[in-house]
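Only one structure is covered here, and it is reproduced in the block below.
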Protein chains: 2
Amino acid sequence: MKKSLADRIEQYLKVLIERSEDKQIEIQRAELAETFSCVPSQVTYVLNTRFTEDEGYLTESRRGGKGFVRITRFHFESDAAVLPNRVELMRYLEKLMEEGIISQSEQGMLNHLIIYAFRDITVDQRNRLFKSLHHVLTDYFNQTGQS
Amino acid sequence: MKKSLADRIEQYLKVLIERSEDKQIEIQRAELAETFSCVPSQVTYVLNTRFTEDEGYLTESRRGGKGFVRITRFHFESDAAVLPNRVELMRYLEKLMEEGIISQSEQGMLNHLIIYAFRDITVDQRNRLFKSLHHVLTDYFNQTGQS
DNA sequence: TTATCAAGGTCAAATAAAGTCAAAGAAGGA
DNA sequence: TCCTTCTTTGACTTTATTTGACCTTGATAA
């Protein structure tokens, strides 16, 4: 398969990320485009198609003067430790759904929150929060008489 | 990240604040501008964008002779400092409910979580989490096509 | 009490990034 | 070939920063 421009930019960025100390790099979109002699939006395209959350990447950016794009590869390894708690919490939500206490869309929303809203904190704290969430939800549904 | 002037002034001030006895400093706008060889309004800009209440800072000032700008970082002993973020997030949920994106009971459940599930962590982290929650919810409802 | 001057504040223009979106082109598969 | 999907491009949009002209406020000397 012949490598497309997008493929080459992807590879270039991934090498940089893997070499970096903290699996995180910052680039300037226009500058990178310059390097590959393409339009800046090409870089955006690569980011959108190859550095998605699903692939384990987080991208942030700032516009305006001295703007940048930061790409972080998050470590699934370190996530391992939270997994039990996360899975436990998600399983609980599933149960709530099966019992008709929450709807399917509510389950979806909460799952989404669980996956994406707690990335920025330590594993330790995530664990505690997941437990806390479980607990508080249980309380809540007991109070409200449901279940 | 290539630091913008605003970034550098921000950092400078934050270091001063953290070093200070009472997390509070007083500066002269013009003098600081002089230090960074920029116009005074640049300092105002930094204050407005980086030392907001949401970020946990309070700024006061006096014009005229012997004028000053005082920046205080609130001491996160109480919940006071999270209040803005919590209120903001709850207001957002209210809006979602009014727009029919979430139901009243969903709003109730999420509010409950907000109030009770994050008690055990530092105010600082709670602030970040509330912002993250807001962000992730917005993403979620955009993706799912609602609103 | 008033005039003067020394602060800080406001606002909008100029500039510097990055993002969006849709059209056009290329590659691959049925 | 024809259809679908992925890539490339560029015009236009949004956001962040920097700068400067002009405004407001407060202290103090006359």
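The sequence lines fix the lettering, A, B, ..., with proteins before strands; numbering per chain opens at 1.
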Would you mind classifying the nucleic acid contact of [X] as base, sugar-phosphate or nothing, using non-hydrogen atoms under 4.0 angstrom?
X: B:R50; value: sugar-phosphate
X: A:R29; value: base
X: A:G64; value: base
X: A:Y45; value: base

In this structure, how many angstroms lie between the [atom2] atom of [N] and the [atom1] atom of [X], rounded?
X: B:F68; N: D:dA27; atom1: CZ; atom2: P; answer: 9 Å
X: B:K3; N: C:dA17; atom1: NZ; atom2: P; answer: 17 Å
X: A:N48; N: D:dC6; atom1: CG; atom2: C1'; answer: 14 Å
X: A:L32; N: C:dA18; atom1: CG; atom2: P; answer: 10 Å
X: B:Q42; N: C:dT10; atom1: CD; atom2: C1'; answer: 15 Å
X: B:D7; N: C:dA17; atom1: CG; atom2: P; answer: 13 Å
X: A:K66; N: D:dT18; atom1: NZ; atom2: P; answer: 6 Å
X: A:I9; N: D:dT8; atom1: CD1; atom2: C1'; answer: 10 Å

Could you measure the distance from the [atom1] atom of [X] to the [atom2] atom of [Y]? Nearest 0.5 Å is fine.
X: A:T49; Y: A:E55; atom1: OG1; atom2: CD; result: 8.5 Å
X: B:I9; Y: B:I27; atom1: CD1; atom2: CD1; result: 9.0 Å
X: B:I25; Y: B:E18; atom1: CD1; atom2: CD; result: 10.0 Å

Check whether any side-chain N or O of [X] sits under 4.0 Å from OP1 or OP2 of [N], and answer yes or no.
X: A:S61; N: C:dA17; result: no
X: B:Q28; N: C:dG8; result: yes
X: A:R63; N: D:dT17; result: no
X: A:R62; N: D:dT17; result: yes

Exercise for review: Looking only at side-chain atoms of A:L5, point me to the closest of D:dT9, D:dA16, C:dG8.
Suggested key: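 My answer, after comparing the listed nucleotides, is D:dT9.
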
Check your understanding: Choosing from D:dT7, D:dT18, D:dT19, which nucleotide comes nearest the side chain of B:V39?
Key ->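 Nearest to the side-chain atoms of B:V39, counting from C-beta on, is D:dT19.
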
Practice item. Fit a plane to each ring of B:Y57 and B:F51, take the angle between them on a 0 to 90° scale, and name the class: parallel (under 30°), tilted (30 to 60°) or perpendicular (over 60°). Key: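 Because their plane-to-plane angle is over 60°, the rings of B:Y57 and B:F51 count as perpendicular.
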
Exercise for review: Assign the ring pair B:H134 / B:Y92 to parallel, tilted or perpendicular, where the plane angle (0 to 90°) is split at 30° and 60°.
Suggested key: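 The arrangement is parallel - the two ring planes meet at less than 30°.
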
Check your understanding: Between the base of D:dG10 and the side chain of A:S41, is there a donor-acceptor distance below 3.5 Å?
Key ->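 Side chain to base: pair found, below 3.5 Å.
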
Exercise for review: Tell whether B:T44 reaches the base of C:dG9 with its side chain through a donor-acceptor pair below 3.5 angstrom.
Suggested key: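 Check fails, no donor-acceptor contact within cut-off.
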
